[in-house]
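Structure, as structure tokens:
As the structure is a computational prediction, the values presented were derived from the model and not from experiment.
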Amino acid sequence: RYRGIVQSIGEAIIGSSPEGMITSWNKAAERLYGFTDGEVLSKPITDLLSGPSREDLISILGQVARGETVRRREMRITTRGGRLLDVLVSISPVIGENGTILGTSAIVQDITGEKMEQYLRQHEDQYRTLVEDLNIGIYRSTGDPRGRFVWGNTALLNILGYRSISDLRDIPVADIFNQPDGRRELLDDLRKNRFIKNRILDLKKPDGTKFSVNVTTLAEFDEDGTVVFINGIVQDISHIIMQNS
């Protein structure tokens, strides 16, 4: 009954002898590591780990040999194909009737996806903070003729004269151009070149104030070659133009 439960459970369960040799290997372990039980039985359990995690496991096995249970220790394993995975390992002693430690039982949980999500969230937060602290406007807009802002940082709002990104989203991008054909000309160049660097544009704020910006933009296309999104950076250069005029 015990063997049937171990084999059917969804988490990798690995048994080993007091000397650290693999004695049991369930189907979930086979799926996780890529090895069949015939390929790993009687092999050192430390062979399943990579780098510092191998030394960590040796220390843990010493604790388990003294009757301790080690729970949810983060480690890194190597699969059959050489892929590195982040896992949580819990190891308990297998104790006989007379108190003798017969071996160990390890439960291994793959947390690679969770670690990747955590990494992306951390770096997304760092990126967002960096972007918000820049004095240069950064934006993403749709690529249709009128255009709508999808996102913009605080500096962009200050440059364009809007209080919030929700206010800016209500305004067609074409309406902030001072020239009626400004948006169309920009789109035409993006369709041809995909990328525009240091283009000077004449824009207007909600109160009608005219000003000039330096824009660098990159277009994103769909499979049909239609501009779907435009990503760009904006710098207000009105003071430079006034000084030179």
Side-chain angles (χ1 to χ4, degrees), residues 81-86 110-242 244:
R83 183 184 176 198
L84 295 177
L85 298 178
D86 293 301
D110 183 6
I111 59 168
T112 306
E114 297 173 20
K115 291 283 288 184
M116 180 59 68
E117 289 178 6
Q118 179 183 5
Y119 175 86
L120 292 175
R121 282 196 301 270
Q122 290 173 345
H123 284 71
E124 181 180 356
D125 291 340
Q126 293 172 3
Y127 173 77
R128 184 181 295 112
T129 300
L130 174 63
V131 168
E132 288 296 340
D133 289 343
L134 289 175
N135 290 324
I136 297 176
I138 301 177
Y139 73 90
R140 179 176 176 85
S141 69
T142 59
D144 53 281
R146 298 287 289 164
R148 293 282 180 176
F149 284 100
V150 176
W151 178 86
N153 68 345
T154 302
L156 179 76
L157 297 176
N158 293 335
I159 291 171
L160 300 183
Y162 289 85
R163 292 179 298 177
S164 67
I165 187 62
S166 59
D167 291 338
L168 187 58
R169 288 192 182 116
D170 292 336
I171 305 300
V173 179
D175 286 359
I176 70 172
F177 282 79
N178 198 34
Q179 294 89 357
D181 294 332
R183 167 76 174 178
R184 180 185 57 78
E185 292 174 357
L186 183 68
L187 283 174
D188 287 344
D189 284 351
L190 281 173
R191 293 188 188 99
K192 295 176 183 177
N193 304 309
R194 294 179 176 265
F195 178 74
I196 295 175
K197 183 178 181 180
N198 295 331
R199 170 72 64 82
I200 296 177
L201 300 176
D202 294 322
L203 307 179
K204 56 185 176 182
K205 296 186 177 183
D207 61 3
T209 302
K210 298 177 182 178
F211 65 105
S212 298
V213 297
N214 185 307
V215 174
T216 295
T217 61
L218 175 67
E220 293 182 23
F221 295 83
D222 62 15
E223 296 178 354
D224 298 325
T226 301
V227 178
V228 180
F229 292 107
I230 300 172
N231 302 304
I233 58 176
V234 180
Q235 184 177 14
D236 189 347
I237 58 171
S238 299
H239 63 289
I240 298 177
I241 293 178
M242 290 180 63
N244 294 334

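No hydrogens or angles considered: a donor-acceptor pair under 3.5 Å links the side chains of Asp202 and Ser212. Side-chain atoms of Thr209 and Asp207 form a donor-acceptor pair, as typed in the model, at a separation below 3.5 Å.
Thr112 contributes a side-chain N or O that, together with a main-chain N or O of Asp86, makes up a donor-acceptor pair within less than 3.5 Å. Of the possible polar contacts, one joining the Asp222 side chain to the Thr226 backbone as a donor-acceptor pair under 3.5 Å is found. No donor-acceptor distance shorter than 3.5 angstrom exists from the side chain of Arg148 to the backbone of Ser141, with no hydrogens or angles considered.
Each of Leu156, Ile176, Val234, Ile233 was scored for a side chain to side chain contact (heavy atoms under 4.5 Å, CB included) with Val213, with one residue passing: Val234. Of the listed residues (Arg140, Arg191, Arg194), just one forms a salt bridge (charged side-chain N to carboxylate O under 4.0 Å, His left out) with Glu220, and that residue is Arg140. For the side chain to side chain contact (heavy atoms under 4.5 Å, CB included) with Ile230, the lone residue among Val150, Leu190, Val173 that qualifies is Leu190.
In this structure, CZ on Phe195 lies 13.0 Å from CG on Asp189, to the nearest 0.5 angstrom. How far CH2 of Trp151 is from CD1 of Ile165: 8.0 Å, rounded to the nearest 0.5 Å.
One finds no salt bridge joining Asp188 and Lys192 here, because no Lys/Arg side-chain nitrogen approaches an Asp/Glu carboxylate oxygen to under 4.0 Å. In this structure, Arg183 does not pair ionically with Asp175, as no charged nitrogen and carboxylate oxygen lie closer than 4.0 Å.
Counting non-hydrogen atoms of other residues, nucleotides and ligands closer than 6.0 Å to CZ of Arg184 gives a total above 12.
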